[in-house]
Amino acid sequence: MTSPSSSPHWLPDSRIMVAQLASGILEYARRTASGEAFRLPYPANLQLALDRLTLLAWHQEVSAPGSVMELLVLTQKPFREWGIRLPDADVDTDETLLAYGRPTVVCEELGRLRGDVEGELRENALMGAVLDRARAADAPSSYVAFRELLIRKSAITALDLDVRLAEPELALLAGEARQAYVEAPPEAAADGMVRTCGGCGGLLLPLDDDRTWACEDESCPAPGKAGEEHPASEGVRWLRRELRTFVTGPGRAELRIADAVAGRGVPVRLWPDFDTCDLSVFHERPWMVDVKAWRNPIRLARQLRDRLFTVPPEVERAFVVIGREQVKAHPRYVERLRKACPEVRPGRRVVAVSEAEFLRLVNQRVKAAA
Ligand SMILES: [Zn+2]
């Protein structure tokens, strides 16, 4: 092992290298998905990441990929098989950046932390425009309807979208809603049909063998369940990738928790007051909830340390709630998160808990009040 103190000054930071690599892959995927033949040069971040990885490999006296193409092949393997150690990178050894030729959620998370300003800006620009317009019209219900549309319908036919956008609440945001969707990629259609996933409502895409179809959403609650099929001629639309990752994924947990709380007879509001938080629970002495669906607790900890939300004085308790899917994938998720981010440990103003733990706390308060 090389300790940081003995690292030569020229040795690259593996965390920055991985973030650059993830950003480069996202850009490469965007360019190849646009349907045009890919033209050199490769995204600058891919070349920069390769240069840095080469230095790391050289220092460890192991071999490095010889080209960007070889680097892209390497990124389809879990980090443990790379043969190059990445000290301090915020990744788990079983994580991969590319799966079936497409960026993984891990890649999205890493690319967003650093470098993928473009993806983040686009999301913020669109969501920002939606907020501005809903605020100007004093229409919080339109904002909520927009978020729900994105969560419940990551794939939608052109006709269905038209019908939804004619509803009074969504009409206000029709322009923004149209921008949120792009045409389904050509590979999503086979024999003139586009298949959707019954678990999440997203598109199914063919795996490398072109015979097996899979849900691309890593946090899909039921990836094996078949959903509706639409004739490709109906013009199926698909939510932009960054919105699927950062709105739809966490949104499923938000809606599920809101439903569970409402089912206990407790008042709950989604994205109250134009998104001051994800959920506001109870009328009196409200509880404030931010639902997080990051796959990796260490990367979430970094994001929370950088920008933890502020809690208004009238709020009794504030929580970062980790969705069921994430806790299932990482049984020690909450523990690791609290360790890496002391700001959300019990006793602090904002406390990180699992979805199940949060619902237990809601139950406790309801019982105590009865
Ligand atoms: Zn699915």
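Throughout, numbering of the chain's residues begins at 1 and tracks the sequence. In each ligand, atom 1 is the first atom listed, and ligand 1 is the first ligand listed.
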Is any protein N, O or S atom closer than 2.8 Å to the Zn ion (ligand 1), and if so, which?
-> C197 SG, C200 SG, C215 SG, C220 SG
Of the non-hydrogen atoms in A177 and L149, which two are nearest, and what is the gap between them?
-> CB-CD2, 4.4 Å
Charged N to carboxylate O under 4.0 angstrom, K339 versus E335?
-> no
Pairs satisfying side chain to side chain donor-acceptor pair (under 3.5 Å), at least one member in residues 308-322, at least two apart | R285-E316, W287-E316, E316-R365
Identify whether NZ of Lys or CZ of Arg in R302 sits under 6.0 Å from the centre of the six-membered ring of W294 and within 45° of that ring's axis.
-> no
For residues 343-365, the ring-ring contact (aromatic ring centres under 6.0 Å, His included) pairs (sequence neighbours left out) are F319-F358
Would you give me the side-chain donor-acceptor pairs under 3.5 Å for residues 185-194, sequence neighbours excluded?
none

